[in-house]
Every structure is written in C-alpha cells, then in structure tokens.
Participant: 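First, the structure itself, so that you have it in front of you.
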Protein chains: 4
Amino acid sequence: MWMASSPPAPERPALRARYEGRRQEVVAAAAKLFAENGYAATSIADLTTATGLTAGGLYHYIGSKEALLLAICDDLLDPLLAHAREIAASDELSPKGQLRALLRAWLSHIESHRDHMLVFSQERQVIEREPQWRAVRRARKDFEQILDGILRRGEESGAMAFEDRGLTLLALLGMVNYTPQWLRPRGRLSAEQIADRYCDLILRAGAPLGA
Amino acid sequence: MWMASSPPAPERPALRARYEGRRQEVVAAAAKLFAENGYAATSIADLTTATGLTAGGLYHYIGSKEALLLAICDDLLDPLLAHAREIAASDELSPKGQLRALLRAWLSHIESHRDHMLVFSQERQVIEREPQWRAVRRARKDFEQILDGILRRGEESGAMAFEDRGLTLLALLGMVNYTPQWLRPRGRLSAEQIADRYCDLILRAGAPLGA
Amino acid sequence: MWMASSPPAPERPALRARYEGRRQEVVAAAAKLFAENGYAATSIADLTTATGLTAGGLYHYIGSKEALLLAICDDLLDPLLAHAREIAASDELSPKGQLRALLRAWLSHIESHRDHMLVFSQERQVIEREPQWRAVRRARKDFEQILDGILRRGEESGAMAFEDRGLTLLALLGMVNYTPQWLRPRGRLSAEQIADRYCDLILRAGAPLGA
Amino acid sequence: MWMASSPPAPERPALRARYEGRRQEVVAAAAKLFAENGYAATSIADLTTATGLTAGGLYHYIGSKEALLLAICDDLLDPLLAHAREIAASDELSPKGQLRALLRAWLSHIESHRDHMLVFSQERQVIEREPQWRAVRRARKDFEQILDGILRRGEESGAMAFEDRGLTLLALLGMVNYTPQWLRPRGRLSAEQIADRYCDLILRAGAPLGA
DNA sequence: TATGAATGAGCCTTCATTCAT
DNA sequence: CATGAATGAAGGCTCATTCAT
C-alpha cells in the first residue's frame, strides 16, 4: 500500500471523541520524543514507554511511524496556514500590518508547537524525498508564498523597501525557523516581542540608511 | 566501547598520505549521504556502496559510524574557528570590518562545506546529548562567543547599535545556518554577496529609523 | 485452548435461523479468501473486511480461525461422503455404474464447492498434523476407501481390469483433486462431462490393448 | 525495491564455491520446512533452527523469505524445463517415445525434488498473484506447452488418439502433480515404473475400446 | 448481541560491528 | 591491508484473540 493511512476512527461520537483525544496524546508524545532524539533514532518501543500503551495498542492510533510524523506536520502546518491566509486576505491591514500580524501568529504558533516545529525542521530530508510528503511540501511552499506576497505588496505600495526581497525572505525564514532551538517557555522575551523585533529587523533593513 | 577512536594511521609517510587521502574520501562521502538521508537513516551498507569499499575495509578508516560524524564536524568547525579567531584578534579591522570579514569567511566556508554544515545542523540532538560530543559543543559555543564579542565591541565603540544584541545574534545565527538549505553551487548570489547583505541587515537594523 | 469449539448457537428458532445464515455467510467468505490467499496468509482483519463484521462480531460466529477452516472442510466432506456411501451401497448399480455415479457426484460437488475444495487441498499440512484434525483425515480416508471398494468390486466381478489398482486410484485422486484449479464456472465442459471422461480414462486403461 | 534479490555472491572462486554450497543447503532446508509446514507458516526462526545459522547469517544467503521460495521454484523448474526441451526437440524419438521419455524424466525429477515439488504445488496462490513471479508462471506454462506439443504431434501423426486432448493433458498434470504427496523414497514402485504406467493410462485411453 | 480498544507474542528484516582468513 | 561471513540485538509492524462496555 502506498499511503500510510491512519486506522479508521470509530463511528459513535462519544467513542470517536475519546479516540481523537488519545490520538492527540500520542501525537504530542511523539513530537516530544522526535524533537529530542530525532525521528529515525526514536523507536516504537520509546513511544510505548512514553504513552503507556503497548506496541499493538499504539497502532490503533497511528497507522505507522511515518504517519505519525505526517500527523505532527499536519498539526503544525494546517492551522498556521489557515491563519496566514486569513491575515494575507485581510482588507483592514496594510502590508506592514499584515507582516507584523503574520509574524506574531507564526511565533506564537511556534511557541505552542515547539516540538512540532523542531521535528518539522529536523526531518527535512524525510519530507523532501518521498512522494507521500507532497502535501506537506506544498503547504510549506504555500506559506512561504503568502509571506513573500506580503513583502511584495509592501514593496509595490512603497511601504517597504528591500535590496533583495528574495534574500530577505530567506533570512526571515532562517531566523524564525531557528527560534525554537533557543526559545524557552518562560524566557526573557515573549513570542510577541520576538515577532516584533524580527519585523523591525526586516523593515528597517530596507529603510534608507541614516536618512 | 564508549569513546570511538579512529584506528591509528600508518607510520611510513607514503602509506600515511594514501591512508589520509582515502580517509578524506570516506568522510566526504559520508557527509554527502548524511546530508541527504540523515545520520541515523544512513547505514554502513550505504557507505560501502558509495565508497566502493567493503564493510571491513571501511572500518580501517573510520573506527565507528559515530567517529565519522565527529570527523565531519571537526572538518567543519576547526578551520572555521581558527579563521574566526584570527579575524577577531586582528588589530587592523574595526568591529564593522571584523563582522563583515567573519561573515564572508563563514559563508564561504558554508559554500565549500555545504554537506558538512547540513549534517551539523541536522544532527543537533546527537551533538547535544552525549558526553563524547563536548568538544564539538565547545567549539560551537566558542564560535558564537567570538561573534558576540565582535557585536559587543561594536556596540561599545558606538559603531553599532542594537535594540537587543542577544536576539540579533540569534537572528544572525538563524539566517546563516539556514543558508545551506537553499544555497546552490552556481546560484544567483555568491557567498560574498550573501555575507554582505546579511551584514547590512544586521547593521541597518540598529541604525535609528528615519533619523 | 486446544479444541477450538464453536460458540453455542442461540436457542430460539428464529434467532437460530438467522445465526446459522450469518454463520454460513462467514464460512463462505472465509473459503473464498482462504482459497485465494491461503489460510495462514489470510488475517482475521481480512475476514472482517470481507464480511462487514467487526473483529468481536466475527468471533460470535466462528470460535477461532482454525474452527473456520474445520467448518469449511466439514461443509465439503460431510455431504460428499454421505452421497458416496449411498452410491456405494446401491444394489441397483453395477460397479461401473457406481463409479460413474460417484464421479459425477464428486465433480458436481467440486463445481459447487470450488473454494472449499481448493482450501482442502492447499491446507493439507494443517490437516495432516494436529490431533484435532483426526475426524477430517478419517473422512478423507473413508472416501478413498469407498472409491477403492468400488474399483475392487469391479475388478473382482471382471467388469474392470487394472494393471495396478492402487496406482489407478492415486491417479484418479490426482486428476480429480487438480480439477478445481482449472475449472471455470461456465467453461467448455460441464462437471458431468468431465466426470464421464475421467471415468473412461480409468476404465479404458484397464482394457486389453488392441485386443 | 521491486525484486527481492539475493545478496551478491563473493568474487573469489574458492569463496564463491563455499557460498554457493551453503546457499544450496539453505534452500534445501527451506524446501523441506515449507513442504512440511507451508511457506507462510514457516518462520525465519524455524529456518535458523534448521540450518544452524543465526537470523542475520541466513540473510547473507537468501535476500528475503520470498526469494527463498523463488529459489526453490527455480531449482525445480529450470533443469526440468531444460530436459523437457531436449526431449521434445529430439529427432530420434517418436511422439510416443518422447512422451515416455518426458514422463520418466519428470517423475524422476519429482522423486529427487519431492520437497520442491510439494512447495511449488502448495504455494500456487503466492505464485499466481504477484508480478515478481511472472518468470515462474512462464516456466510452468512453457513446460505445459511442451507436453501438449508432444500430445498434439502424436495425435497428428496418428500414433495417439484422444477424445479430448486438452482434458487429457489436464488429467495428466493432475495425476503427476499429485504424485509427490504419496510417493515414498523406497516405495513399491520406482519413478520409472510410475511414469510408464501413467504413460499407458494416457495412451490406452485413446485406443479404440475393445478393438 | 455487538463493539472496538487492547494485548503481547511473534513476524521478517536490518543494523553496526567483529574477526578468521 | 582487505575480505566477507557471521553475530544477535533491535527495528517496525501484524497477529489472533479477549473483554469491558
């Protein structure tokens, strides 16, 4: 079979709710272990220890180890992408306002999904290679294009200026994607503060120097 | 065995040279495979295929799989760190000049050691955890402190200004470490150009806005 | 538990009828799957998919996977054996008539129980080894003895002649048992035609050559 | 990877000979176990017990469990098919002579490859389904066509007569394929005797009755 | 009756590494 | 120096079956 699919969820609503709850617990536990040890270096046995389930029991919820990795990426990307689309479609915000809003949402999402984000960054090679990861690659690309679209409209409207918009985008992606590696839950800076300073970094860079 | 030591190199100079040459080939092949597939997901069998050696033959050069990873990190960090120390100790360069020189050296090193760098970033969890990786962690920390020292001296001398130097440093690390993921051998921008624009990004951000 | 017993059928007649009906459906579905994929290679999950039942539900009808295999063999052997006894006991038929009648009944049974027959042939090793299969082995042996009895009485009465009756019996068993592997529902030959030709094959072989 | 291939045999002739020898031992042991217990019901653990190798060691020789099954079929079919082609191509033998010679070769092969033959018959469903078994299916078909060719030429030359040549062929295949199930090493009849009697059975059946 | 969660032993296979040759 | 056979633990996953609900 090509696609590692999850086992079917139960039909009755009460059971289904419990099933989904436990499934989420499993995904969260997996995100933590994958973030700490890496996907390939985490064994199913590690997961049973962390979840309290047995090997067989685990497979009621996950379908396969790879499907678990997929679920982690989906949990990370789907809500973020939805939020990003909303912001980029907003008529009430200027391009600068959109950029700031998107960075705040993004950093806040990273703060609440730190493990997911670490896994997503770390397992780049898995995501890149196999065909069953196309949807994830596409979601990542969509997000990057939304971000680039905001920068482009900012540039076109004269509200922003960049020496090289493409490189600026890559620099922004780099600094944000690196954030979960040093961000601590109750650290010195809140997600919002970090977002605002990244925003300034990008926007000031384009401002005429000493003008 | 805990400490994975490399097998002793031969004594006679001619043999030794050939030995070292082959060893470098093995390390380079490993860097490529680890970058593409991940350290844990690359098997010794993959390495024998890529090098043309047999399993036993490989072990004449590497000591262990983990020692191979260590060699990749050493090949990456040792010359970079040496270069960074030189630049930071230079009397002829201002802090701004040092920053620019270091970024150029750094990006140029990344360009020529793309696989090594990808491995070094990707296998963060391996490097982080085990005691035998202390020297590598120390080298990384030394590099970051050299970089921070330049920023600090720039700030103190009034040549640079940052809202939050610590966050600026992290942003810089993020964008540079992300670079090997999109950098292509004959791409639009040279390593030097990229370095200069990263440099501008950091320095302009600190300039008073619209002043 | 050693002896795999079926769960007790319900007491009330209406329920019992429905129970038996479903049970027959399950046995038929199992015969199909076992014939196509083999007994060991067919999982309970395959059976739930094929029947639309759930795992627990299935076990209301079958007792165990092995009991299912047993039921398939019983469904195959019991009516055939009964019919064979009738024919062999008939006073109205000559040995030749008995042989022809038995072959017709046999081939017709194979036609209507193709899956059962394929399973019965294929799972020879299961049937052969374990003690709980003694009744099935006995039924098979009884059938073969009935068949041999007809040949023997034919020989004794002078109506048939064989160079080696034992080998003729084995050849007959071989060709008939092989039939379900090529027999197609609406094929060129009917079960009756096949039976008659097998019959001729056996009887002519014993006729003196060119006499 | 599509095809479960064997690991590469060593290059040096002496090693290669030993490798091939051990490999044959493994294949023979597997044929025995598969014949006794069925392919699916035989575990790799059973094979290690039977061969004295460890699980890992076994895989030096076999590639996969399925490749082992394939090797058994090849060992069975390749020499038999080669022999059959020789006989069918012979100018010195009449059709009747060819049939007799082929049956003798076939039964003799069955006698010396009893386990292989049992496996080949029993695992029909495995062979039938997957694409990687095409070569085996083709070999089986080739053999049957060679056999049918002899019967056809016999019929055309007037040396043989059949009511229905196709059915005769199927009957012959059935009785021969069934033979390994009852043939015992030092039984009452030799392979040659059995072959001759099967031959008579087929040839006499076509002879005009009582003429 | 029927459900589906849960078990835990067992499946086939791959792994990094060693060592006699 | 180099080979490749061998190890045995661990890998991810499936299995037939049970049982509280």
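Letters A, B, ... are given to chains in the order of the sequence lines, protein chains preceding strands, and every chain is numbered from 1.
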Participant: Can you see which heavy atom on Tyr59(B) is nearest to which on Ser64(B), and at what distance?
Facilitator: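 It is CE2-CA, 4.1 Å.
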Participant: Round to a whole Å and report the spacing from CZ of Arg22(A) to C1' of dT7(E).
Facilitator: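 Whole-Å distance recorded here is 14 Å.
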Participant: Does Leu58(D) or Ala40(C) map to a spot on DNA chain F nearer the 5' end, using the closest nucleotide for each?
Facilitator: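 Looking at the nearest nucleotide for each, Leu58(D) comes out on the 5' side.
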Participant: Using whole Å, what does the distance between atom P of nucleotide dA10(F) and atom NZ of Lys65(A) come to?
Facilitator: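 Whole-Å distance recorded here is 15 Å.
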Participant: Step through the shown structure and confirm whether more than 12 heavy atoms of other residues, nucleotides or ligands are within 6.0 Å of CZ on Arg18(C).
Facilitator: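 At most 12 heavy atoms, drawn from other residues, nucleotides or ligands, come within 6.0 Å of this atom.
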Participant: Tell me which donor-acceptor pairs under 3.5 Å the side chains of residues 30-41 of chain C have, and how far apart each pair is, sequence neighbours excluded?
Facilitator:
{"residue": "Asn37(C)", "atom": "OD1", "partner": "Arg129(D)", "partner atom": "NH1", "Å": "2.8"}
{"residue": "Tyr39(C)", "atom": "OH", "partner": "Glu66(C)", "partner atom": "N", "Å": "3.4"}

Participant: Between His60(C) (NE2) and dG4(E) (P), how many Å, whole number?
Facilitator: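 His60(C) atom NE2 is separated from dG4(E) atom P by 12 Å.
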Participant: Tyr59(A) OH to dC11(E) C1': how many Å, rounded?
Facilitator: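 Rounded to whole Å, this separation is 13 Å.
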Participant: Which residues pass the side chain to side chain contact (heavy atoms under 4.5 Å, CB included) test with Leu76(B), not counting sequence neighbours?
Facilitator: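 With neighbours one apart ignored, the set is His109(B), His113(B), His116(B), Met117(B), Phe120(B).
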Participant: Which residues, if any, of residues 42-57 of chain D bring a heavy atom under 4.0 Å of DNA chain F?
Facilitator: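 Residues of residues 42-57 of chain D under 4.0 Å from DNA chain F: Thr54(D), Gly56(D), Gly57(D).
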Participant: In whole angstrom, give the distance that lies between atom CG of Leu68(C) and atom P of dA16(F).
Facilitator: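 It is 11 Å, rounded to the nearest whole Å.
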Participant: Among dA2(F), dA5(E), dT1(E), which nucleotide sits nearest the side chain of Arg18(A)?
Facilitator: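 Looking only at heavy atoms from C-beta outward on Arg18(A), the closest nucleotide is dA5(E).
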Participant: Take atom CD1 of Ile62(D) and atom P of dT14(E), then tell me their distance rounded to the nearest Å.
Facilitator: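 Result: 10 Å.
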Participant: Which residues pass the salt bridge (Lys or Arg N to Asp or Glu O under 4.0 Å) test with Glu128(C), not counting sequence neighbours?
Facilitator: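 Glu128(C): salt bridge (Lys or Arg N to Asp or Glu O under 4.0 Å) contacts with Arg140(C).
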Participant: Got a donor-acceptor contact below 3.5 angstrom from the Tyr61(C) side chain to the Glu25(C) backbone?
Facilitator: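 No; judged by distance alone, with no hydrogens or angles, the pair does not exist.
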Participant: Between Leu70(A) and Val136(A), is any pair of side-chain heavy atoms under 4.5 Å apart?
Facilitator: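 Yes, side chains in contact.
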Participant: Any side-chain heavy-atom pair from Ile72(A) and Asp75(A) closer than 4.5 angstrom?
Facilitator: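 Ile72(A) does not reach Asp75(A) side chain to side chain.
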Participant: Compute the bend angle of the helix from dA2(E)-dT21(F) to dT21(E)-dA2(F) from the end axes (five pairs per end), rounded to 10°.
Facilitator: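 About 0°, once rounded to a multiple of 10°.
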Participant: If you only use heavy atoms from C-beta on, which nucleotide in dT7(E), dA2(E), dA2(F) is closest to the side chain of Tyr61(B)?
Facilitator: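 That would be dA2(F).
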Participant: Between C1' on dA2(F) and CZ on Arg23(B), what's the gap in Å once rounded to a whole number?
Facilitator: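 The distance from CZ of Arg23(B) to C1' of dA2(F) comes to 18 Å, rounded to the nearest Å.
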Participant: Tell me: CD of Glu66(B) to P of dT17(E), nearest whole Å?
Facilitator: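 My rounded result for the distance is 9 Å.
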Participant: Need to verify one output field. Residue with the more 5' nearest nucleotide on DNA chain E, Ala41(B) or Ala41(D)?
Facilitator: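 Per heavy-atom nearest nucleotide, the more 5' residue is Ala41(D).
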Participant: Sort and list the pairs that fulfil side-chain hydrogen bond (donor to acceptor under 3.5 Å, both in side chains) and have at least one residue in residues 40-54 of chain A, not counting sequence neighbours.
Facilitator: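 For residues 40-54 of chain A: Ser43(A)-Asp46(A).
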